[in-house]
Amino acid sequence: LIDSIECLDHRIWLIDKIIEKFSHIPNTGIMEIWLQRIAISQSMEYDFGESLCKLVQGKKPRIWKKKCIKDANLKKAVDINSIIDTGKLEECKMKPRIGSEEFDIFSY
């Protein structure tokens, strides 16, 4: 829907309104992740409260506890620095329209 709006100012206004509407509602983390994805594709930056969004912003949030993990390979697997594809962010390869290959685990 947002991609179909031709005027960038109207897109920004719409994204601002969506973020404002849901900013006071608890447990909207997954929606914040998708909104951040959409905002980044439009070269917009917002300060979201979701931990994964903070990680994309370059902050170091605490996502999970790993003190109890003894295995070095498992600790490496849950390292927060390895879950964000910063190359894709830096190269701005994300398109405004989210294709099914980004979210469909059963692509046919």
Side-chain angles (χ1 to χ4, degrees):
L1 176 65
I2 294 170
D3 187 41
S4 66
I5 299 171
E6 291 184 23
C7 179
L8 179 61
D9 290 337
H10 289 126
R11 286 188 215 165
I12 293 170
W13 177 84
L14 181 59
I15 292 171
D16 285 341
K17 286 296 182 185
I18 293 169
I19 290 169
E20 180 184 323
K21 180 77 173 179
F22 289 98
S23 66
H24 305 291
I25 299 173
N27 303 319
T28 56
I30 300 226
M31 187 190 65
E32 283 187 1
I33 292 168
W34 281 105
L35 282 172
Q36 184 185 46
R37 161 63 180 83
I38 293 167
I40 288 172
S41 73
Q42 302 294 319
S43 300
M44 296 180 240
E45 291 189 27
Y46 292 92
D47 191 25
F48 292 102
E50 174 62 33
S51 293
L52 292 176
C53 291
K54 290 179 182 182
L55 184 61
V56 170
Q57 295 167 349
K59 300 174 184 173
K60 300 285 184 184
R62 184 175 177 184
I63 296 177
W64 46 69
K65 297 179 185 180
K66 56 182 182 177
K67 286 183 180 181
C68 61
I69 301 173
K70 304 293 183 206
D71 186 314
N73 290 330
L74 186 55
K75 274 189 177 181
K76 186 178 177 182
V78 297
D79 180 31
I80 62 170
N81 296 317
S82 65
I83 61 175
I84 300 294
D85 187 349
T86 54
K88 213 169 213 186
L89 288 173
E90 290 170 3
E91 294 174 18
C92 295
K93 288 185 176 180
M94 292 189 292
K95 297 176 184 170
R97 183 165 296 193
I98 300 171
S100 61
E101 65 277 356
E102 282 192 58
F103 62 86
D104 188 0
I105 62 172
F106 301 107
S107 59
Y108 298 98

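- For the pair Gln57 (side chain) and Glu45 (backbone), a donor-acceptor distance under 3.5 Å is absent.
- The two residues Arg11 and Ile5 come nearest to each other via the heavy atoms NE-O, 2.7 Å.
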Exercise answer: donor-acceptor pairs, residues 23-30 side-chain atoms, under 3.5 Å, sequence neighbours excluded:
unit_1: Ser23; atom_1: OG; unit_2: Glu20; atom_2: O; d: 3.0
unit_1: Thr28; atom_1: OG1; unit_2: Ile25; atom_2: O; d: 3.4

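- Here the side chains of Met31 and Leu35 are in contact, with some heavy-atom distance below 4.5 Å.
- Heavy-atom minimum distance, Asn73 versus Asp71: N-OD1, 2.7 Å.
- The pair Lys21-Asp16 fails the salt-bridge criterion, with no side-chain N (NZ, NE, NH1 or NH2) lying under 4.0 Å from an Asp/Glu carboxylate O.
- Taking all atoms of both residues into account, the shortest heavy-atom contact from Asp47 to Lys59 is OD1-NZ, 3.0 Å.
- In this structure, CG in Leu14 is found 11.5 Å from SG in Cys7, a value given to the nearest 0.5 Å.
- For the pair Gln36/Tyr46, no side-chain contact is recorded, criterion being any heavy-atom separation below 4.5 Å from C-beta on.
- Applying the salt bridge (Lys or Arg N to Asp or Glu O under 4.0 Å) criterion to Asp9, with sequence neighbours excluded, gives no partner residue.
- Once rounded to the nearest 0.5 Å, the distance linking NE2 of His10 with CD1 of Ile12 reads 11.0 Å.
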Return all side-chain donor-acceptor pairs below 3.5 angstrom for residues 48-55, not counting sequence neighbours, or 'none' if the list is empty.
none

